[in-house]
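For reference, the structure is listed below as structure tokens.
So you know, we letter chains A, B, ... as the sequences are listed, proteins then strands, and number each from 1. All heavy atoms count here, side chains included; hydrogens, waters and symmetry mates do not. Since the model is a prediction, treat every value here as computed from it, not as a measurement.
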Amino acid sequence: MTRFGRTSKLVAAALGGVLVLSACSSSDDDSGDDGGESPGASGPSGTVTYAMAQPWQSWNVATAGANSAANGQVMEQVISGFWTYGNEDGQPIPNEDFGTFEKVSDDPLTVNYTINDAAVWSDGTPIDCDDILLWWTVQSGTFDSVFSAVGTQGVEDTARPECAAGDKAFTLAYDQPFADWVTAGPGHGNNAMLPAHVVSQQGGFGSEEEFIAALQGDDPAPLEAAGEFYNNGWLISGALPDPALIPSSGPYIVSEYVADQSITLTANPEWWGEPPASETVVFRTIAEEEQVQALQNGEVDIIEPQPTVDIAQQIQAASGIANEVGDEYTYEHLDFNFNQGVFADNLALRQAFSLCVPREQLVDNLIRPVVPDSTVKEVRNVAPWDSGYEEAVAASQPVIDEFGVQDIERARQILEEEDAVGTPVVLGTLENQRRVDAGQLIQAACNEAGFEVDFQPAADFFDTNGALAQNRFDVAMYAWAGAADRSGWNSTYRTVTECSAEGKGNNNGCYSSPEMDELLDQVLRTSVEEEAIELTSQIELLLWEDMVTIPLYQHPGITAWGQGVENVIPNPSQNGIAWNADQWSKS
Amino acid sequence: MLVFIARRLFVSIWVFLAASVLVFILSTNVRDPLAEARQLPETARESAIRVITERMHLEDPVLVRYFRWLSDAVTGNLGVNRQGLDVNARLETAFSATLQLITGATVLAIIIGITIGVISALRQYSALDQTVTFIAFVCFSLPLFWVGTLLKQFLALDFNDWLADPVISPLFIGGIALITGLFCGGVVVGDRRSRITAFVSSTAAMAILLSVLSATEWFSDPSLGPIVVALTAIGGAIGFTTLVSGLEWKPPLQAALIAAAVGIVAYFALDPVLDDPQLLTIVLLLLVTVGICFAIGWFLGGDLYRRNAIPAAVLTGVFTGAVIFVDRMLSSFQSYSASVNNRPISTVGAETPNYEGTFWESGLDSFGHLALPTLALVLISLATYTRYTRASMLEVMNQDYVRTGRAKGLSERAVVTRHVLRNGLIPITTLIAYDIGTIVGGAVVTEQVFGWSAMGSMLFDGIREGDPMPIMAFYVVSGGAIVLFNMVADIAYAFLDPRIRLS
């Protein structure tokens, strides 16, 4: 908490300074040119346009069906919370404009939250107890038959916060320790706090007290209509909902929407925090292949396409465009099948396969053309910019040195010892250019070592009847999204009840180890960062020792922006670049 | 006729229903709608899969899902897509986007295609004919995504850059002038000498025109001005009269010239009205123009020439109106260009978000966004129309009655416009009717390349997400249009060609 607090304050101060300076300098320029206009020194002005490939589909990002990156990007600056993923490294940072929170006890884990006194929805209604209770009811899954949530994430272990109408402070008391208590609180993304007064009114409640009473009760029936509105009333079907239904709690309000063309955010006049830099931010829906030319033609100011080598070269060749490349949280890996097939019960063969995979060459051929300083990914669940990365790599280093560096001779030797030269291996993946290239490199190297790799890229790889869900692979190559928190990957290595499409969850290889299950429980149940780092290192070491998966590389990212656009700070998290859209400006 | 339509409709409905079962079954099997949800992180995965399963009724058998769709669809409710969004709303925006994107392109392709087809038929096997054939086929075989990217590079990025300093290089002037000259020389009928004269004079005229435009930086602040408008109007009057009746009779020419004169007067008189009109004003003006010109033709034509004078006057009047419209549009160009950072030609989308301007500036905004996709669509669909028209014209021109007409001493103009063109266009009518039926289906690649979201991308999204609802909505509209316009084609054919009877 303190760590994040200090960094974010420094960053906020620095950005604020830059903002003030840039605002001053640009207004100086303006008044120099046409002295007639009075320079609006502090107020937001101008428009910044961002190109987004996917359409915006829901004003409520916190339902299971609306949890998409595009929805999250639009709503990032519209619905505020206590924290958001931000900065260059995608860590959760507190948003003190919205309110403050503090861990007051480790055992039992207790976190106190206080919403800013000035915090109001853009229609003037204060953000207070009814919003808190609605948020808790949804996120804890208390009435999960009524309210849809992306997934309970720790909040199910907390007691219902106590508050009365008008209260702005509440406490989350956990019945067991939880590692990701910071991101369990109300944030900007898919666990955001939504306007309860709108839900209450649409749900047919006469007053705030009545709604609060219903939320505090045990019977979901009176909330049916409210739940129906919460789940579906904020979907964007062709047009914006009535402006009265979409009050904002962030620096911007959604003011204009043209189906499949553009979304316009304008500065929220009721916003109580640092005013945003630009009066309007426009999100335009543009396919990724078309974004570079649109940027060159000045139709958009900021783009962030998936960087194929082509798009990266196109951006780097274009004049008048600034760009920045970097790694994303999303990372590629190989999973072994522990349920059936040659690798299931044979550690030596898994080690031999790991020895033949050309990890360095994959990065060299596929990633470095875009991100020149990218490196091979050594551990799975922590990214190079996360805390605890060095510790995890250091712990795993002995195994990485022995089995994680390509050594075809050694792989062949193991195969001969195991009398397994010519072992057929099915390598499955989703069919796209980068994965086909990667698969062919792996195939060539491992065939040389003595495997017979049958590379099967398929368009239906992720389908219910596809190779991954139906265990039709020996080695599967795909990506996990990755994030700064620790609960996101917890079930990926946990023993499953049944190794079927429905039963295996994210543990696609059906790996199972009592020691691992124990460690996973512990890492989820610690709220002390040092302990979490230590446990994560042990988990990474065990994953290497058992050779459960082979991490390959972080996915590359590229961001480009036009001349005069300021304060674009790429961010590796899923919420992406919009985390500081309130600071974007164009001179 | 009514019996024919009724019978035709009855059969069509069963075909339509049978096909809808087939399309529905195919679309439920095209992809797994849960594939994306399966890749979500653990915390979000189960609830996402559950929501989609419930919303799309994935646990029901296909036929149950089909009949659920059908019973909703007959009440006009096309359901919700995988994200729970209303498909009716999506269809509405997609359909209007398709109309915007494709109507202009189709009309242009038809007009230009037929004109070129007629010219190349009249000059069969000449260098002009061969060149036109060659170019039409080259365009026909271009891949759209590639043309799109090139058009964006040259006509948007480079053109917009060039507009900052609109000086045409001498090489370019020479090239354009030469092409114009060759075309004019090719079209003119006559001996070698008159063709050379046409070539030289049109080349020189074009070169001078371009040089003057370049030197005065006309392109950064274009407009026609009263003199050019007047000259164009008079030229139009003479041209339309030639086409409609020939110049040898006075009344049609008089009517057309008077219509042009009225137009020129209106150019000055309507100045304040046209500063920032509503769309309604423009439509009303169009109707008034047609009315006045009709009256001019009626009175000046007298009993004898009414049939020629009315179309000559109306065509001239509408043409003059169009010229005035273009002049207005052009004079707003500079202010529009300044309002979009001097980059008037866009590469993506249907409009500049939140653009506010006068009628003319908003018009230019639409035009700037439509220019490239329209051009791309016209280029690739030109070939069909030119080839069909040419073949059909040639067939008619070799008919006996055409030879008889010539032998009788009819003027070449009368033979071509009255006897050849009218009969030659009958098969084209069918082609156009079919085409209108299919354009409703959109243009997937064009939409993708130019960032439009219309019928094509609705279908594409449905396929990508394994979601039958948008696919079925697409099927209802585009399948319905094809059935309908097939019937219209048959009826139109019978109406135009008395040899065919519907029964």
Segment of [X] engaging chain B (4.5 angstrom heavy-atom cut-off):
X	result
A:E290	both
A:S262	side chain
A:A149	backbone
A:E289	side chain
A:Q296	both
A:V258	side chain
A:I286	side chain
A:Q293	both
A:D460	neither
A:A294	both

Is the backbone N or O of [Y] less than 3.5 Å from a side-chain atom of [X], with the two atoms forming a donor-acceptor pair by type?
X	Y	answer
B:N88	B:L78	yes
A:T429	A:M477	yes
B:N81	B:Q83	yes

Proximity breakdown for [X] and chain A, heavy-atom pairs closer than 4.5 Å:
X	answer
B:T93	side chain
B:Q153	both
B:S457	neither
B:V449	both
B:I345	backbone

Nearest 0.5 Å, please: how far is [atom2] in [Y] from [atom1] in [X]?
X	Y	atom1	atom2	result
A:N71	A:M52	CG	CE	7.5 Å
B:R38	A:N508	CZ	CG	9.0 Å
A:T492	A:N506	OG1	CG	4.5 Å

Give me the atom names and distance for the closest heavy-atom approach of [X] to [Y].
X	Y	value
B:A156	B:T347	CB-CG2, 3.6 Å
A:V523	A:N490	CG1-ND2, 3.5 Å
A:L430	A:A459	CD1-O, 3.5 Å
A:N297	B:S346	ND2-CA, 3.7 Å
A:G227	A:V146	CA-CG1, 3.5 Å
B:Q448	A:A287	NE2-CB, 3.6 Å

Q. Looking at B:W360, B:Y355, B:Y336, which one forms a side chain to side chain donor-acceptor pair (under 3.5 Å) with B:D365?
A. B:Y336
Q | When A:T49, A:V282, A:T264 are compared by non-hydrogen pairs under 4.5 Å with chain B, the top option | A |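 Result: the option with the highest number of such pairs is A:T264.
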Q | For chain B, the option from A:N507, A:I236, A:T280 that forms the most heavy-atom pairs under 4.5 Å | A | A:I236
In terms of heavy-atom pairs under 4.5 Å with chain A, which of [options] leads?
options	value
B:P353, B:A97, B:G451	B:P353
B:K152, B:R50, B:R82, B:E36	B:K152
B:D86, B:V51, B:V348, B:T352	B:V348

Q. Would B:R90 and A:D260 pass as an ion pair if we require N to O under 4.0 Å?
A. yes
(Q) Quiz question: by atom type and distance under 3.5 Å, do the side chains of B:E361 and B:S335 form a donor-acceptor pair? (A)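 Yes - a donor-acceptor pair under 3.5 Å links their side chains.
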Q: Apply side chain to side chain donor-acceptor pair (under 3.5 Å) to the pair A:Y511 and A:D335, showing each step before the final yes or no.
A: CA-CA 10 Å; A:Y511 164 71; A:D335 281 13; over 6 Å; no
Q: Determine which residues belonging to residues 458-465 of chain B lie within contact range of chain A, meaning some heavy atom pair is under 4.5 Å apart, and list them by number or answer 'none'.
A: none
